[in-house]
Amino acid sequence: MTPQMKVLRRGCCSVCSNHIPPACIQTHTYTYTRVLPLVCLMLDPPHSPQLLNCLTPEETAQCRHGLYFQDGERRVDYVLTYQVKKPSSSRARRHSSRFTDNALTRSLRRTRPQARSAKPDPEPGPQETSADHHEDDKRFRREEFEGNLREMGLELEKDEDGKTPGVGFVKIHAPWNVLCREAEFMKLKMPTRKVYEVKQSSSVMEKINTFISKVTDPLHPNVEENRIENVKHLSHPFSREKQHLLRSEMAVTYLTLFQLLYEEWASYSVFYKYQPVGLIRKYFGEKIGLYFAWLGVYTQMLIPASLVGVFVFLYGCVTVDDDIPSMEICDSRRNITMCPLCDRVCSYWTLNSACGTARASHLFDNPATVFFSIFMALWAAFFMEHWKRRQMRLNYEWDLTGFEEEEDHPRAEYEFRVMQKSLKKEHKAQKDYGLFYEAVNVVLYFVSTPGVGVRGGGVMNCHINVAVECCFQIGVTFAIVFGVILYRISTKAALHMSSNPTTRSNVRLTVKTTAAIINLVVILILDEVYGAVARWLTALEVPKTDKSFEERLIFKTFILKFVNAFTPIIYIAFFRGRLVGRPGSYLYVFESYRMEECAHGGCLMELCIQLSITMLGKQLIQNNLFEIGIPKLKKLIRYIKSKRSAFQEEEREKKLQRYETDFFLEPFAGLTPEYMEMIIQFGFVTLFVASFPLAPLFALLNNIIEIRLDAKKFVAELRRPVAARAKDIGIWYNILRGVAKIAVIVNAFVISFTSDFIPRLVYQYMFSPDGSMHGFVNHTLSYFNVSHFQNGTAPLEPEILGFSVDICRYKDYREPPWSPTPYEVSKQFWAVLAARLAFVIVFQNVVMLMSDVVDWIIPDIPKDISVQIHKEKILMMDLFMKEEQGKLQVLDNLTVDGEKENSSAHSPQLRPRAVSHTQSNSF
């Protein structure tokens with residue numbers, strides 16, 4: 001955060017300093033980690049933050065008094081807001097305190113003057129007395145808060161007579177000496193006057209990079225930061241004693257910066273251009289700049305993955321007519337009678353009726369998908385390494401190479417819990433409850449106060465409660481998936497009873513599509529619920545620091561949303577069709593619902609349908625439609641509540657001060673939702689990519705829109721966030737690595753157990769008489785004697801095909817009914833199972849080994865950056881050595897001059913000594 005922000009947080013407690021917006025006076029948005037604030041006596045936040053999107057007074061004269069103090073000279077750096085309850089107001093203010101009173105605040109109230117008015121109401125009602133006392137208490141806390149800010153050197157000016165009724169504003173200005181002091185404390189790096197030439201390497205890779213930069217020059221935004229400079233200024237932590245070495249910076253016109261971001265970043269017309277990451281960092285800070293830089297790298301890396309995915313899909317389209325198993329299924333001359341798909345209402349059916357499903361499955365279930373799975377695993381490794389190098393380059397360009405995060409300080413909630421504990425201990429010490437009663441209170445305290453205390457009982461109990469709650473939420477997801485399964489089973493049976501032949505012929509497609517849509521709606525609803533549950537569980541733990549709170553919140557949110565999004569997909573991929581049983585001995589749920597079977601082409605097609613609907617639905621509805629529609633809806637509601645027309649509202653906003661206009665913008669909710677939707681998308685792209693090769697393409701198209709949508713949101717629709725320093729993306733990188741590792745295992749199991757890739761290989765090389773795929777379909781079908789149906793499960797219309805059926809076929813590796821061991825698994829089953837397990841082991845180890853090799857070969861730090869960092873250290877050392885030598889020479893000269901004056905004053909008859917050669921050179 002900025003130096004102004006640091007002073008602001010020093011002048012208040014950690015409760016009062018939450019979500020204070022950044023300033024816009026400094027020439028560059030310098031940011032830092034949180035520092036320990038001074039003790040503040042307020043437990044209720046007296047101010048809510050207000051954004052200040054900066055404009056210069058010359059360019060917007062009507063807002064001059066909004067961007068400056070009344071004197072027109074001191075510029076506004078921050079604006080804090082609070083509710084003002086006027087006596088004539090008929091609307092009672094609703095305000096809930098986050099913390100209860102304690103002994104310290106009560107003692108302050110006793111020292112405060114009781115009479116606030118010269119003529120108090122002689123007979124105030126009890127509710128009015130309570131309300132007045134509450135308002136006086138809040139006013140006292142605000143005054144105390146503002147006094148602490150003034151003690152830290154900040155200058156304040158109030159504005160309670162604005163055009164926004166019920167809202168007061170406190171404008172804050174940070175003088176130059178305060179900024180210098182805080183910048184020195186924060187060790188902000190500033191460019192010095194010393195420059196050096198950055199020599200371009202003559203290697204082949206450098207020539208290739210130069211050629212690529214020339215080719216892609218039209219894709220860069222029209223900003224000066226993209227110009228390649230051959231000279232660079234050395235950077236050094238700011239010091240008031242060395243200001244003469246620092247480069248004098250020209251002030252940045254923030255209107256120009258704002259306009260550049262709006263035109264070159266937040267416009268859909270520049271969707272094909274790179275992002276101006278440097279400008280984003282200057283305006284929003286390093287943390288937000290790193291997010292958009294990561295999003296840009298991720299989107300760029302999706303381009304080769306999309307091209308390969310499209311190639312794999314086209315390969316399936318081209319080879320579908322040459323696929324022998326599909327041809328055998330579609331051959332009408334092969335009169336293969338299949339067993340019913342459900343009890344009683346379903347009848348026998350011919351295999352060639354599944355021709356469409358078999359041909360569609362080949363589009364995604366072909367040898368190219370194995371290659372694509374290996375490619376995507378290596379792609380994930382390359383993406384992680386490329387981002388590490390890009391992140392290191394940004395750290396160097398943004399002068400963050402030596403930045404280390406300072407120790408985070410306790411959160412206000414944690415300190416309040418600790419204070420509660422100490423007060424309870426003091427209270428217990430004053431009274432004698434008795435041994436038994438005191439022991440009961442201690443137990444109850446630790447049960448009701450999680451995360452606090454030296455003993456581990458309360459902490460352990462809190463973690464157990466959180467784990468149980470997480471398991472319960474995951475169980476809710478499983479229960480909903482199970483409910484969708486029952487819906488599929490019952491709907492399939494009901495549609496088979498329909499008298500409409502079109503309905504009966506499209507039962508599978510209808511059930512698949514409707515079930516996938518239901519899963520999507522449930523996922524969207526539970527995503528919002530799980531976000532609130534994760535925050536509640538994290539608050540229940542009472543983490544000590546803000547960093548710990550954020551990491552725990554991210555982890556819980558990711559686990560819950562990940563399980564919510566991928567549980568239906570995991571069921572279809574690994575469980576559906578494997579818990580069915582066989583004809584005559586099916587597995588039933590609640591003794592009436594028979595478990596689902598996969599289509600003859602396998603469950604890969606159904607997995608593709610579920611994955612595509614979930615992925616595209618989340619991106620279209622949750623990521624884009626909600627982000628566009630919700631702000632518009634809120635604006636419409638604001639118009640309706642104000643009972644003004646759009647023209648009246650526009651005219652009213654023209655008369656408002658700049659900070660009053662920005663007060664109505666939406667507050668910034670953090671980067672967690674932005675990261676989360678991209679991480680879930682990364683899971684869709686990598687985890688089940690073997691079943692949906694077009695996933696990278698749809699992710700790429702979504703991200704192209706997402707970047708500009710987020711840009712427009714940050715620039716025009718949100719309050720300007722608090723700038724924060726960061727040198728990496730934090731816990732999100734570890735989550736990405738975890739998802740990439742899991743993706744290797746998941747794709748190995750999808751290829752091995754969900755697709756027919758392994759059974760085809762086993763048949764071709766072990767059981768095929770001529771080494772081809774002819775006869776594969778017949779090899780995978782087992783025989784069943786229809787007289788062995790259980791009572792009440794045989795079809796009601798056994799002769800629907802026009803002939804009597806004695807033997808039907810079903811997909812499984814089992815012995816025929818005339819075998820000595822009828823319906824037992826055959827040796828082909830064990831051969832296929834062994835091959836599947838062997839493939840999983842080989843695929844997993846080979847791909848992970850290749851990923852580790854990629855990680856080892858590619859260095860985390862680019863060579864040119866490491867060379868320049870080393871060179872800067874040497875040049876900086878030489879600069880300081882020359883400065884010290886210059887100081888010593890000046891001191892020597894002053895000493896010699898002093899000796900001359902003394903010698904001439906005390907010994908005028910003596911001839912002056914000749915100056916030595918060394919001294920003359922020093923002059």
Side-chain angles (χ1 to χ4, degrees), residues 290-291 293-313 364 368-392 554 558 561-562 565-566 569-570 573 607 611 615 619 675-703 706 728-752 754 839-860:
L290 280 175
Y291 163 71
W294 173 84
L295 183 57
V297 170
Y298 172 49
T299 304
Q300 293 174 23
M301 290 295 294
L302 283 173
I303 296 176
S306 302
L307 294 177
V308 177
V310 172
F311 169 78
V312 171
F313 178 75
F364 307 99
T369 58
V370 180
F371 159 75
F372 190 54
S373 299
I374 299 175
F375 171 81
M376 288 303 296
L378 297 179
W379 173 86
F382 273 105
F383 165 59
M384 304 301 292
E385 293 304 314
H386 179 45
W387 167 244
K388 284 194 293 187
R389 291 169 62 85
R390 173 63 172 160
Q391 184 174 259
M392 190 62 203
I554 290 172
F558 170 74
K561 291 192 175 184
F562 183 87
F566 289 98
I569 300 173
I570 292 174
L607 177 61
L611 183 62
M615 179 181 178
Q619 291 181 353
Y675 272 113
M676 189 63 65
E677 65 184 57
M678 290 296 106
I679 297 296
I680 297 297
Q681 183 198 88
F682 182 77
F684 285 123
V685 170
T686 56
L687 286 176
F688 295 92
V689 73
S691 63
F692 190 39
L694 297 179
L697 175 62
F698 289 112
L700 174 64
L701 297 177
N702 172 80
N703 288 2
E706 180 74 19
D728 52 42
I729 59 176
I731 192 176
W732 297 109
Y733 182 80
N734 298 329
I735 294 176
L736 283 171
R737 287 187 65 89
V739 172
K741 296 295 183 183
I742 296 174
V744 177
I745 303 174
V746 170
N747 282 298
F749 277 94
V750 168
I751 295 172
S752 180
T754 308
F839 177 84
V840 169
I841 296 173
V842 173
F843 182 90
Q844 171 187 338
N845 287 278
V846 169
V847 173
M848 284 192 175
L849 177 62
M850 296 172 66
S851 301
D852 292 338
V853 170
V854 171
D855 191 2
W856 176 70
I857 291 177
I858 302 177
D860 295 344

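As the structure is a computational prediction, the values presented were derived from the model and not from experiment.
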Quiz item: Please walk me through it: do Trp294 and Met678 pass side chain to side chain contact (heavy atoms under 4.5 Å, CB included)?
Solution: CA-CA 10 Å; Trp294 173 84; Met678 290 296 106; 3.6 Å; yes
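- With salt bridges taken as basic N to acidic carboxylate O contacts below 4.0 Å, none links Asp852 and Arg737.
- Considering CD1 of Ile680 and OH of Tyr675, their distance stands at 15.0 Å, rounded to 0.5 Å.
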Exercise. Applying side chain to side chain contact (heavy atoms under 4.5 Å, CB included), run through Ile570 and Phe688 and close with a yes or a no.
Key: CA-CA 9 Å; Ile570 292 174; Phe688 295 92; 3.9 Å; yes
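- Between Leu607 and Val750, the closest heavy-atom pair is CD2-CG1, 4.5 Å.
- Atoms CG and CD1, on Leu611 and Ile569 in that order, are 4.5 Å from each other to the nearest 0.5 Å.
- In this structure, the side chains of Phe839 and Ser752 come closer than 4.5 Å at one or more pairs of heavy atoms.
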Practice problem: For Trp379 and Thr686, run side chain to side chain contact (heavy atoms under 4.5 Å, CB included): C-alpha distance rounded to whole Å, both residues' side-chain angles, the deciding distance at 0.1 Å, then the answer. | Solution: CA-CA 9 Å; Trp379 173 86; Thr686 56; 4.0 Å; yes
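- Side-chain N or O atoms of Arg390 include none that pairs as donor or acceptor with a backbone N or O of Ala293 at under 3.5 Å.
- Between the Asn747 side chain and the Ala743 main chain, a donor and an acceptor come within less than 3.5 Å of each other.
- Heavy atoms from other residues, nucleotides or ligands lying under 6.0 Å from CE of Met850 number 12 at most.
- Considering every non-hydrogen atom in both Pro693 and Phe364, the closest pair reads CD-CD2, 3.3 Å.
- The distance from atom CG of Leu378 to atom OG of Ser373, rounded to the nearest 0.5 Å, is 11.0 Å.
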Self-check item: Val840 vs Ile745, side chain to side chain contact (heavy atoms under 4.5 Å, CB included): CA-CA, chis, key distance, verdict
Solution: CA-CA 8 Å; Val840 169; Ile745 303 174; 5.7 Å; no
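- Minimum interatomic distance between Val744 and Ala377 (heavy atoms only, all atoms of both residues): CG2-CB, 3.9 Å.
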Donor-acceptor pairs are to be reported for all side-chain atoms of residues 297-313 against protein atoms at under 3.5 Å, with residues two or more places apart or in another chain.
unit_1: Tyr298; atom_1: OH; unit_2: Gln681; atom_2: OE1; d: 2.8
unit_1: Thr299; atom_1: OG1; unit_2: Leu295; atom_2: O; d: 2.8
unit_1: Ser306; atom_1: OG; unit_2: Leu302; atom_2: O; d: 2.6
unit_1: Ser306; atom_1: OG; unit_2: Pro696; atom_2: O; d: 3.0
unit_1: Ser306; atom_1: OG; unit_2: Leu697; atom_2: N; d: 3.3

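- Annotation for Tyr733: atom OH counts as buried by contact number, over 12 foreign heavy atoms lying within 6.0 Å.
- Between the side chain of Thr754 and the backbone N or O of Ala573 there is at least one donor-acceptor pair closer than 3.5 Å.
- Looking at residues two or more places apart in sequence or on another chain, you find a salt bridge (charged side-chain N to carboxylate O under 4.0 Å, His left out) between Lys388 and Glu385, Asp855, Asp860.
- Using a 4.5 Å heavy-atom cutoff, the side chains of Met676 and Trp732 are in contact.
- Note that the OH atom of Tyr291 and the CD1 atom of Ile729 stand 11.0 Å from one another [nearest 0.5 Å].
- Side-chain atoms of Glu677 and Glu706, non-hydrogen and from C-beta on, do get closer than 4.5 Å to each other.
- A distance of 7.0 Å separates CZ of Phe558 from CD1 of Ile679, quoted to the nearest 0.5 Å.
- The structure places CH2 of Trp387 at 8.0 Å from CZ of Phe383, a figure rounded to the nearest 0.5 Å.
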